[in-house]
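No experiment lies behind these values; they were computed from the predicted model shown. Positions are given from 1, in the same order as the sequence printed here. Atoms within each ligand, like the ligands themselves, are counted from 1 in listed order.
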Amino acid sequence: MERLSNKDNPLSGSDPDELTWDKFIYPRGAVSQKTISAYVEALEIGAQFPPIKIQRVFNYTDANGNKITIATIILDGVHRWSAFKEMGIKEIAAVEWKDTSLDYEENKIALLLESAQSNISHGDRLSTNDKKRVARDIALSDPECSVRETALAEKLGVSQQSVNLWISDIRARQRTSRDSTIIRLGRLGWTQDKISDKVGLSRNRVCEIVGNTNIGNIDTLLAQGHDMEYIAAHYQMDLALTWAIRLHGKTDQEKFKELGWGLRTWDQWNFNECDERFGDDWPGRIPAQLIAHTLFYFTKPNDLVLDPMAGGGVVPDTCLLFERKCQAFDLAAQDKQGKRPEIEYHHWDPKKETWPVTKKPDLIFFDPPYYTKKKKEYEQKANEDTPSISSYTKKDYKQFFKDFFTLAYKNAKPTTTLAFLNADWRDFESTPAAEEKPDKAITIFDYHSLLSETGWKTIHRIECPLSSERLTGNQVQKMQDKRILGTIGRTLLIAKKNI
Ligand SMILES: C[S@@+](CC[C@H](N)C(=O)[O-])C[C@H]1O[C@@H](n2cnc3c(N)ncnc32)[C@H](O)[C@@H]1O
């Protein structure tokens with residue numbers, strides 16, 4: 001039973017109804033009704049309780065998956081809180097762990113540890129199973145392995161051996177996937193210092209892992225009849241990296257062959273499908289083959305490619321395959337989930353003239369939103385202060401490109417190639433072709449004009465049409481009846497500095 005006290009002076013009073021019991025942070029699987037009843041009885045005879053421990057947080061998602069910005073969560077004292085609620089008492093004494101509001105997502109592990117530590121010393125002490133669950137939750141939320149086993153053992157009041165036993169399988173998986181992150185970043189040209197900052201390992205350790213050529217013999221496993229998915233899972237590597245290792249040292253043309261991609265000789269690049277092996281499922285995802293062709297014609301091995309709006313990461317994946325270096329950015333950087341460590345967070349707002357790229361690129365592969373196409377999906381990944389350009393007005397959207405092309409020009413080498421992918425955008429999808437209003441469209445010619453105005457010269461116009469098979473026979477019939485001219489064009493403009 002928790003310690004009752006008549007002399008504690010609460011530091012603040014909180015309304016129990018305003019507090020959140022976060023089942024992830026508060027380590028007890030279930031509260032004990034017996035303890036709550038004892039507290040209720042104690043309250044009835046006027047007992048005083050020590051303050052519970054709470055923390056204000058932001059960036060919080062509630063148990064139903066609703067993203068609510070702020071909450072006050074309980075770190076210690078769920079039994080006392082439940083008793084106060086049961087009694088209908090509108091104020092409970094509480095102390096706050098940190099006196100500022102914390103980013104929940106960033107501080108999840110610290111909150112879990114603080115709660116666990118507060119709960120091992122009193123009240124209905126945590127059971128061994130609860131402690132094991134906390135240890136595993138912490139290990140799972142900490143892919144960088146920043147919390148050491150010794151620290152965990154100390155906080156949970158158990159031996160280091162117990163902690164090792166509980167979490168060794170998670171840590172082993174994480175170490176292998178951490179190693180493949182390091183190898184991926186190394187191959188994409190990240191410096192060892194930058195990798196070391198990213199993964200929280202010493203520079204020396206990073207150096208050893210990057211230099212480790214003993215990654216396994218993929219050819220032997222292939223000869224034994226295993227496929228690449230099996231081999232990737234076997235080495236606990238992602239598929240793109242496994243392919244990159246397999247193709248290492250081959251010529252670009254040999255790589256096309258091994259990947260099963262026909263090499264296009266002319267400036268019409270028709271790819272019906274995205275190759276599912278590369279890049280993540282992402283709104284507006286483009287085929288790796290399109291990028292591979294751009295790399296083949298406009299870069300050489302070891303050149304640096306910049307992808308300012310990298311989305312699902314198909315450009316870095318293709319750079320890995322073709323041994324190009326790559327720096328990638330997006331406002332929806334996915335590294336929080338540890339999925340795409342190579343995509344760095346950056347919100348492009350060229351008015352601010354920030355250019356986060358560390359070296360001048362040889363190729364800029366720019367695949368921005370096609371104005372409002374997929375607007376809803378991109379808005380979900382952005383926020384009000386750092387919006388996706390698909391939420392801009394038409395005027396601001398065009399101005400964005402003018403500013404971006406200018407900034408890119410300033411920060412490019414004389415030989416840098418700019419590859420810009422986009423499609424005609426029309427605000428008259430159900431309008432007969434003859435009635436379309438010219439001021440409502442943004443077409444490839446507009447982008448071409450903006451490139452010219454900012455010092456770039458378009459040297460190729462490569463057609464990479466989208467598939468028309470998305471429409472049913474019925475829809476096509478309706479379009480024909482109304483004389484609507486559909487758009488499936490998508491164009492890659494290749495530009496060089498006009499000097
Ligand atoms: C067409 S998608 C890129 C798709 C990517 N090439 C792929 O195949 O997965 C465009 C991306 O631009 C990003 N974006 C839009 N506005 C941005 C901005 N101002 N700064 C950074 N990223 C932005 C969106 O989050 C989205 O991921």
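Ring-centre distance between Tyr104 and Tyr60: below the 6.0 Å cut-off. In this structure, Phe256 has its ring center under 6.0 Å from that of His293. Residues Phe329 and Tyr345 place their aromatic rings such that the two centres sit no closer than 6.0 Å. Note: Tyr409 and Phe405 fail the aromatic proximity criterion, with ring centroids not under 6.0 Å apart. For Phe365 and Phe420, the distance between ring centers is not under 6.0 angstrom.
For atom 16 (N) of ligand 1, the nearest non-hydrogen atom from the set Ile343, Asn422, Ile389 belongs to Ile389.
Close approach of ligand 1 to Gly312 (heavy-atom distance below 4.0 Å) involves ligand atoms 7 (C), 9 (O). Close approach of ligand 1 to Ser388 is summarised as follows: ligand atoms under 4.0 Å from at least one heavy atom of the residue are 15 (C), 16 (N). Residue Pro387 approaches ligand 1 through these ligand atoms, each under 4.0 Å from one of its heavy atoms: 19 (N). Listed by atom number, the atoms of ligand 1 under 4.0 Å from His347 heavy atoms are 18 (C), 19 (N), 20 (N).
Thr431 and Glu436 share no side-chain donor-acceptor pair at under 3.5 Å.
For ligand 1, the polar-atom distance check against Asp367 finds a nitrogen or oxygen pair separated by under 3.5 Å. The shortest N or O to N or O distance between Leu331 and ligand 1 is under 3.5 Å. Polar contact with ligand 1: present for Trp348 (N/O pair, distance under 3.5 Å). Among the atoms of Ile286, some N or O lies under 3.5 angstrom from an N or O of ligand 1. When only interatomic distances are considered, the shortest N/O to N/O separation between Tyr392 and ligand 1 does not fall below 3.5 Å.
Proximity of Val314 to ligand 1, defined as any heavy-atom pair under 4.0 Å, is confined to the side chain (atoms from C-beta onward). Residue-level proximity to ligand 1 for His346 is carried by the backbone, the only part with a heavy atom below 4.0 angstrom. With a 4.0 Å cut-off on non-hydrogen atoms, Pro308 does not touch ligand 1 at all. Proximity of Ser390 to ligand 1, defined as any heavy-atom pair under 4.0 Å, is not found for any part of the residue. Under 4.0 Å from ligand 1, the heavy atoms of Tyr378 that appear belong solely to its side chain. Contacts of Pro368 with ligand 1, taken as heavy-atom pairs under 4.0 Å, involve the backbone alone. Residue Met309 touches ligand 1 through backbone and side chain together, judged by heavy-atom distances below 4.0 Å.
A salt bridge links Glu208 with Arg205: at least one charged nitrogen is closer than 4.0 Å to a carboxylate oxygen.
For Lys108 and Phe24, the positive end sits near the middle of the six-membered ring, less than 6.0 Å away and at most 45° from its axis. In this structure, Lys255 forms no cation-pi arrangement with Trp261, as its terminal cationic atom is not both closer than 6.0 Å to the ring centre and no more than 45° off the ring axis. The side-chain tip of Lys23 points at the ring of Trp21 from less than 6.0 angstrom away and within 45° of straight on.
The nearest heavy-atom contact from the protein to atom 27 (O) of ligand 1 is Asp330 OD2, 2.9 Å. The nearest heavy-atom contact from the protein to atom 7 (C) of ligand 1 is Arg285 CA, 3.7 Å.
When atom types are taken as modelled, the side chain of Ser452 and the backbone of His448 share a donor-acceptor pair closer than 3.5 angstrom.
The structure places CH2 of Trp243 at 13.0 Å from CE of Met237, a figure rounded to the nearest 0.5 Å.
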